[in-house]
Protein chains: 2
Amino acid sequence: MEKKSEAITIYDVAREAGVSMATVSRVVNGNPNVKPSTRKKVLNTIRELGYRPNAVARGLASKKTTTVGVVIPDISNAFYAELTRGIEDIATMYHYHIILSNSDLNQEKEYQLINAFFEKQVDGLLFLGGELTNLHRETFSASTVPVVLAATEDDTAQLPYVTINQKEAAKEATQVLLEEGHEHIAFIGEALSDPVTGYPRYSGYKEALLEQGKPISEKRIRIGDGRYRSGYQLMTELINENPDLTAVFATSDEMAVGAIHAVQDQGKKVPTDISVIGFNNIPLSSQVRPLLSTINVPMYDIGAVAMRLLTKYMNQEQVDTSQVYLQHHIEIRQSNRVMLKKET
Amino acid sequence: MEKKSEAITIYDVAREAGVSMATVSRVVNGNPNVKPSTRKKVLNTIRELGYRPNAVARGLASKKTTTVGVVIPDISNAFYAELTRGIEDIATMYHYHIILSNSDLNQEKEYQLINAFFEKQVDGLLFLGGELTNLHRETFSASTVPVVLAATEDDTAQLPYVTINQKEAAKEATQVLLEEGHEHIAFIGEALSDPVTGYPRYSGYKEALLEQGKPISEKRIRIGDGRYRSGYQLMTELINENPDLTAVFATSDEMAVGAIHAVQDQGKKVPTDISVIGFNNIPLSSQVRPLLSTINVPMYDIGAVAMRLLTKYMNQEQVDTSQVYLQHHIEIRQSNRVMLKKET
DNA sequence: GTGAAAGCGCTAACAT
DNA sequence: ATGTTAGCGCTTTCAC
């Protein structure tokens, strides 16, 4: 094993093996135009010298870095962590590496990150989360680097994305509750300005109620931050202000679980007194009692499919659908009442 | 805004601004040796042309990539996700980017990743998780790139690391249980071969029992995979085979929560009938009922401190302690009985 | 099948 | 304060 010294370059290998740099380059890159015997010879001296190609030099010469940038709101959030796993697995499969940075949904930071990644000459960019402004779009289109949005959509521009239909999913959750016969269904959502978790889910909730001719009341609507604490708090308020409440739909599992505990702390039972449905189906939802009924979002798949899509763009492959909606479904567990209809 | 075309280089800026490349390079890098007026001129044409420095070329010329590699077992695991957040925050603070890859604790994969990161010319490497073999050590020492271990330790080699004292922590958890007066305390651990979550925690458990003269019985020891399911399953077995069991220490919060539910499903109560204590203090532990008593591991800090330490090595700064143990503490909540002593 | 040589876009002496 | 000039380590025509 070589000790710490000046790094071995392709030139050293060439000299040592008695061939040219070009030939060494060819065997390193698996170019078939090399006589087996010389290939073997080169491979041997590579091993002897402990030669390790310099990816930076290669990147400069070839204009490819086999690296993709990932802008993510917060890696410590279970939802994004799982999604990132999907991204990384597919990236590995296609021999790409991932540069990861948290944006905290801060537009200024997002903008900086995108630019920093472009400076690093990423071959592609995956953008997750935040709202897309014109500044984002301009930056994207000023570059030739392919960009794919994950768990985000973009109506205005033609950016490719992969996500689920947020509004439909929220609507379905609300409908399940409606079918149980509840008169009053509360909503614990997230900032309406958030184009992913905010408005679309709110409007799905609203639409479901409207279709059944149920009144929408501000009294039953609360906006939290998606975390457990806010779910707990908001649900406590909701119960106090709405004694007749029998169901709630929360747009995140953490908030839903917080809501369940709030219900219990008020001396009521889930689902006997109050039904609760969450959103995302993060591991937490099947690690609490009662098990949380929730919308299953294929987080891993969103990441995986988005990354796969990105590889197609990077390889200039033909892509048929650039805006893909993955299938969601409602996972009925124990936090809502069983539908009578089911018994037929 | 410039349209997609050939990228603007430092040379274009120099020509356009009527200065040399060196001068442009100086202003881009904030070198003070530039007359204010020419600096301004250069800055202007940079803006006009939409020039964006090419980090790859810079990396090749300067032999610095401002990138650090992170080898992590699994980003979708709450523990590592939080730790990664700590790493990333400090990295950003010091203007580094992070290349992230999952190893799944697979040694072959770890080895490949380390080499791939070296090829990418990372300025430093953060290694988390797995067991350190001689192959790892050789690879590390064959390179001049500084390496720091996070949440892992290394007794044999002189690699720097930041972690907590696993054995002590496990011992404390067991002692808390012991102080409650339990005769039989079960242990749900993880593969003993794991140098972080495995053997050290097991030996802490054992040592605590031994010190109190309590017998150690195989009947009360189970090895799981750290996840909820295995905690549930193993606890179910434990209860069936040990009717006299009144306490359990699990080396992960997920397993501990699984254990709690197993207890409940057997018609017993936590902590009245059985006390349970977990390990890590991931968010889950304060999102279940009863709230889980657990060992608090400063995950974020481990990542942050490790990254900070790495920056010191990368800048060749003086470092006083290269092996740091962060403080852990036991977080008593509701899954174990309150100690009578406390009432005095 | 193999080699020579011209870059890739930038930094870092070294001059001036 | 600014310019000139070598590289950095590799890929990639283009010859042979």
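Predicted model, so just to flag it, every value in this text is computed and none were measured. The figures here come from the full heavy-atom set of this structure, side chains too, leaving out hydrogens, waters and symmetry mates. Just so it is clear: chains get the letters A, B, ... in the order the sequence lines come, proteins before strands, and each one is counted from 1.
With sequence neighbours excluded, the residues that form a side chain to side chain donor-acceptor pair (under 3.5 Å) with A:E110 are A:H136. Residues that satisfy the side chain to side chain donor-acceptor pair (under 3.5 Å) test with A:T321, not counting sequence neighbours, are absent from this structure.
Note on B:N29: a side-chain N or O is less than 4.0 Å away from OP1 or OP2 of C:dT11. In this model, the phosphate group of D:dG9 is not approached by any side-chain N or O of A:R58 to a distance below 4.0 Å at OP1 or OP2. Look at A:K63 and you'll find a side-chain N or O under 4.0 angstrom from OP1 or OP2 of C:dG9. Contact check, A:Y51 against D:dC10: a side-chain N or O comes under 4.0 Å of OP1 or OP2.
The backbone N or O of A:N106 sits nowhere less than 3.5 Å from a side-chain atom of A:D104 that would complete a donor-acceptor pair. In this structure, A:T152 contributes its side chain and A:G129 its backbone to a donor-acceptor pair below 3.5 Å. Between the B:R85 side chain and the B:Y300 main chain, no donor and acceptor come within less than 3.5 Å of each other. Between the side chain of B:N77 and the backbone N or O of B:P73, no donor-acceptor pair lies under 3.5 Å.
The CZ atom of A:R15 sits 15 Å away from the P atom of C:dG3 (whole-angstrom rounding). Atom CG in B:D12 sits about 9 Å away from atom P in C:dC10, given to the nearest Å. A straight line from CG of A:N33 to C1' of D:dT11 spans 15 Å, rounded to a whole angstrom. If you take NZ of A:K120 and P of C:dC10, they are 15 Å apart, rounded to a whole angstrom. If you take CG of A:L60 and P of C:dG7, they are 14 Å apart, rounded to a whole angstrom. To the nearest angstrom, P of C:dT2 lies 11 Å from CG of A:N31. In this structure, CZ of A:R26 is placed 8 Å from C1' of C:dG1, rounded to the nearest angstrom. Distance CD1 (A:I10) to C1' (C:dA5): 14 Å, rounded to an integer number of Å.
Heavy-atom distances under 4.0 Å link DNA chain C to B:M21, B:A22, B:S25 of residues 18-25 of chain B, given in residue order. Residues from residues 38-47 of chain B placing a heavy atom under 4.0 Å of any atom in DNA chain C do not occur.
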Identify each donor-acceptor pair in which a side-chain atom of residues 13-27 of chain A lies under 3.5 Å from a protein atom, sequence neighbours left out, and give them as a table.
from  : atom 1 : to    : atom 2 : distance (Å)
A:R15 : NH2    : A:D12 : OD1    : 2.9
A:S20 : OG     : A:A22 : N      : 3.4
A:S20 : OG     : A:T23 : N      : 3.3
A:S20 : OG     : A:T23 : OG1    : 3.4
A:S25 : OG     : A:N29 : ND2    : 3.3

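Between B:F140 and B:F118, the two ring planes are perpendicular [angle over 60°; tilted spans 30° to 60°].
Closest contact between the side chain of B:A61 and the listed nucleotides D:dC10, D:dC14, D:dC8 involves D:dC8.
Take the nearest nucleotide of DNA chain D for B:S62 and for B:P32: the residue whose nucleotide is more 5' is B:P32.
Counting only N and O atoms by type, the side chains of B:N102 and B:Y80 include no donor and acceptor under 3.5 Å apart. With 3.5 Å as the limit, one finds a donor-acceptor pair spanning the side chains of A:E88 and B:S101.
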*Run the numbers on A:T66 and B:K120 for side-chain hydrogen bond (donor to acceptor under 3.5 Å, both in side chains), then give the verdict.*
CA-CA 10 Å; A:T66 58; B:K120 290 240 168 175; 3.3 Å; yes
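Using five terminal pairs a side, the axes of the helix from C:dG1-D:dC16 to C:dT16-D:dA1 at its two ends make an angle of 30°, given in steps of 10 degrees.
Between B:D123 and B:K63 there is no salt bridge, since no side-chain N of the basic residue sits under 4.0 Å from a carboxylate O of the acidic one.
Counting any heavy atom pair closer than 4.0 Å across all strands shown, B:N54 reaches sugar-phosphate atoms only and no base atom.
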